[in-house]
Amino acid sequence: MPMTITCRCGQRWRLKTTTDQNIECPRCQRNIAVVTTNRHRALLWIVSLIAVLSMISTAGLLGYVVGRPRGS
């Protein structure tokens with residue numbers, strides 16, 4: 001996935017690779033560490049947590065409804 005990198009000096013350029021790498025700014029010759037993060041993994045954890053909490057609350061509600069005494 002391409003990304004745009006901006007140096008402190010204002011130079012911008014696009015990278016086509018997604019691997020972690022060190023690059024040098026063509027304008028000021030500073031080394032810039034490019035670190036990519038996996039946002040899909042964080043999203044997967046959040047969705048999994050919501051699913052588990054939903055199952056726990058559903059089981060609790062079902063247990064409450066089934067176990068409560070009925071008025072005759």
Side-chain angles (χ1 to χ4, degrees):
M1 177 162 139
M3 63 176 52
T4 302
I5 303 296
T6 305
C7 182
R8 287 188 211 165
C9 68
Q11 178 71 29
R12 300 175 112 193
W13 62 96
R14 291 186 58 88
L15 293 178
K16 294 183 181 179
T17 61
T18 58
T19 58
D20 296 344
Q21 59 185 332
N22 289 326
I23 56 175
E24 187 174 293
C25 176
R27 185 187 291 175
C28 65
Q29 278 69 41
R30 286 186 182 141
N31 278 334
I32 301 171
V34 179
V35 180
T36 58
T37 58
N38 191 351
R39 293 183 182 171
H40 297 294
R41 182 175 289 173
L43 183 62
L44 180 64
W45 277 104
I46 292 170
V47 169
S48 299
L49 180 64
I50 291 171
V52 168
L53 292 176
S54 296
M55 287 190 303
I56 291 171
S57 62
T58 302
L61 182 63
L62 185 63
Y64 172 75
V65 169
V66 169
R68 69 180 175 171
R70 298 178 190 222
S72 303

Query raised in the report: Say you draw a straight line from OG1 of T58 to CG of L53; how long is it, rounded to the nearest 0.5 Å?
Result: 10.5 Å
Query raised in the report: Does I23 have any side-chain contact (heavy atoms from CB on, under 4.5 Å) partners at least two apart in sequence or in another chain, and if so, which?
Result: I5, W13, L15, Q21, I32, V34
Requested in this report: Could you work out the complete set of other residues in the hydrophobic cluster of V66, with links drawn between I, L, V, M, F, W and Y side chains under 4.5 Å apart?
Outcome: L62
**Report entry** Results of side chain to side chain donor-acceptor pair (under 3.5 Å) for T4 - residues two or more places apart only
**Finding:** R14
Query - Under the side-chain contact (heavy atoms from CB on, under 4.5 Å) test, residues paired with R8 that sit two or more places apart - result: R30
Report summary line: Sequence neighbours excluded, the answer for side-chain contact (heavy atoms from CB on, under 4.5 Å) partners of I50 is I46, S54
Query - side chain to side chain donor-acceptor pair (under 3.5 Å) involving Q11 - partner list, sequence neighbours excluded - result: R27
